[in-house]
Amino acid sequence: QVRPVESGGGLVQAGGSLRLSCVASGFTLDRYIIGWFRQAPGKDREGVSCISSADGSTHYSDSVKGRFTISRDIAKNTVYLQMNSLKPEDTAVYYCAADLGAYCSGYEAPWNYNYWGQGTQVTVSS
């Protein structure tokens, strides 16, 4: 069963850092792309980053570029989202999503992913 499992959320002050993890349960990172999404109350789900299965190439939304870094550890079958210089507007539930494929074309669209984690809350206080 393909099931991404997130962890690592929490409460942090503005300017601080958090690292989210997404364990690929039931699938491998050399065949599935991984996207990170977030959803704040009353807002649409936003794609923030993606890492390809083919070559580990990465993509970021403008809202997080330069502050967030996505990476993967093939041996641990885990993808990470390192979040630095956090802002109150980064507060949201963060989701890890997976789909069979090589590259992150259209990575920001949630309908391009068939498998979703349960989400982890990130709260940034001012």
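Starting from 1, each residue takes its place in the sequence as its number. The figures here come from the full heavy-atom set of this structure, side chains too, leaving out hydrogens, waters and symmetry mates.
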Exercise. Can you name the nearest heavy-atom pair linking Pro88 to Ala14, along with the distance?
Worked result: CD-CB, 4.1 Å
Exercise. Is it true that a side-chain atom of Tyr107 and a backbone atom of Val48 form a donor plus acceptor pair closer than 3.5 Å?
Worked result: no
Problem set entry | Closest heavy-atom pair and its distance - Gln39, Lys43 | NE2-O, 3.1 Å
For this session: Following the transitive rule for hydrophobic clusters with a side-chain heavy-atom cut-off under 4.5 Å over Ile, Leu, Val, Met, Phe, Trp and Tyr, establish whether Val12 and Trp36 coincide in one cluster.
Result: yes
Exercise. Hey, is the main chain of Thr78 close enough, under 3.5 Å, to the side chain of Asp73 for a donor-acceptor pair?
Worked result: no
Exercise. Can the positive tip of Arg45 be found less than 6.0 Å from the middle of the six-membered ring of Phe37, inside 45° of the ring normal?
Worked result: no
For this session: Walk me through it: do Asp90 and Lys87 pass the test salt bridge (charged side-chain N to carboxylate O under 4.0 Å, His left out)?
Result: CA-CA 5 Å; Asp90 293 318; Lys87 305 174 182 180; over 6 Å; no
For this session: Can you measure from CD1 (Ile33) to CG (Leu29) and round to the nearest 0.5 angstrom?
Result: 11.5 Å
For this session: Report whether Val2 and Ile34 are members of the same hydrophobic cluster (ILVMFWY, side-chain heavy atoms less than 4.5 Å apart, transitive linking).
Result: yes
Problem set entry | Verdict with reasoning, Cys96 to Val79, per side chain to side chain contact (heavy atoms under 4.5 Å, CB included) | CA-CA 9 Å; Cys96 174; Val79 170; 5.7 Å; no
For this session: Go through the steps to decide whether Asn77 and Thr28 satisfy the test side chain to side chain contact (heavy atoms under 4.5 Å, CB included), and finish with yes or no.
Result: CA-CA 6 Å; Asn77 221 25; Thr28 57; 4.2 Å; yes
Exercise. Looking only at heavy atoms, what is the nearest atom pair of Thr120 and Gly9, with distance?
Worked result: OG1-N, 3.1 Å
Exercise. Should Val64 and Arg38 be marked as a side chain to side chain contact (heavy atoms under 4.5 Å, CB included) after you check the CA-CA gap, both sets of side-chain angles, and the distance that decides it?
Worked result: CA-CA 11 Å; Val64 306; Arg38 65 186 183 186; 3.9 Å; yes
Exercise. Which of parallel (below 30°), tilted (30 to 60°) and perpendicular (above 60°) describes Trp116 and Tyr95?
Worked result: perpendicular
Exercise. Counting N and O atoms only, with roles assigned by atom type, does the side chain of Gln13 sit under 3.5 Å from a partner on the main chain of Ser125, one being a donor and the other an acceptor?
Worked result: no
For this session: Examine distances only and state if a side-chain atom of Tyr115 and a backbone atom of Leu100 form a donor-acceptor pair shorter than 3.5 Å.
Result: no
Exercise. Quick check: does any side chain N or O of Glu108 sit under 3.5 Å from a backbone N or O of Glu46, one acting as donor and the other as acceptor?
Worked result: no
Exercise. Side chains of Ser52 and Ser57: do they bring a donor and an acceptor to under 3.5 Å?
Worked result: yes
Exercise. Linking I/L/V/M/F/W/Y whenever their side-chain heavy atoms sit closer than 4.5 Å, directly or via other members, would Met83 and Val124 fall into one cluster?
Worked result: yes
For this session: Under the side chain to side chain contact (heavy atoms under 4.5 Å, CB included) rule, what do Thr91 and Gln121 come out as? Steps first, then yes or no, please.
Result: CA-CA 8 Å; Thr91 295; Gln121 177 70 47; 4.0 Å; yes
Exercise. Do the side chains of Val122 and Val93 join up, straight or via other hydrophobic residues, at under 4.5 Å, putting them in one cluster?
Worked result: no
Exercise. When rounded to the nearest 0.5 angstrom, what distance separates CG in Leu20 from CZ in Phe68?
Worked result: 8.0 Å
Exercise. Backbone N or O of Ile51 within a donor-acceptor pair of the Arg72 side chain at under 3.5 Å?
Worked result: no
For this session: May I ask whether Tyr80 and Leu18 are part of the same hydrophobic cluster, defined by side-chain heavy atoms of I, L, V, M, F, W, Y residues being less than 4.5 angstrom apart, directly or through others?
Result: no
Exercise. Donor-acceptor pair, Ser53 side chain versus Gly101 backbone, under 3.5 Å?
Worked result: yes
For this session: With Cys50 as reference, evaluate Tyr113, Tyr103, Tyr60 under the side chain to side chain contact (heavy atoms under 4.5 Å, CB included) test and give the passing residue.
Result: Tyr113
Problem set entry | Other residues, nucleotides, ligands: >12 heavy atoms within 6.0 Å of Asp44 CG | no
Problem set entry | Any donor-acceptor pair under 3.5 Å from Gln118 side chain to Glu6 backbone | yes
Exercise. If every non-hydrogen atom of Pro4 is compared with every non-hydrogen atom of Phe27, which pair is closest and at what distance?
Worked result: N-CE2, 4.0 Å
Exercise. Distance-only, no hydrogens or angles: does the Asp99 side chain make a donor-acceptor pair with backbone N or O of Asn114 under 3.5 Å?
Worked result: yes
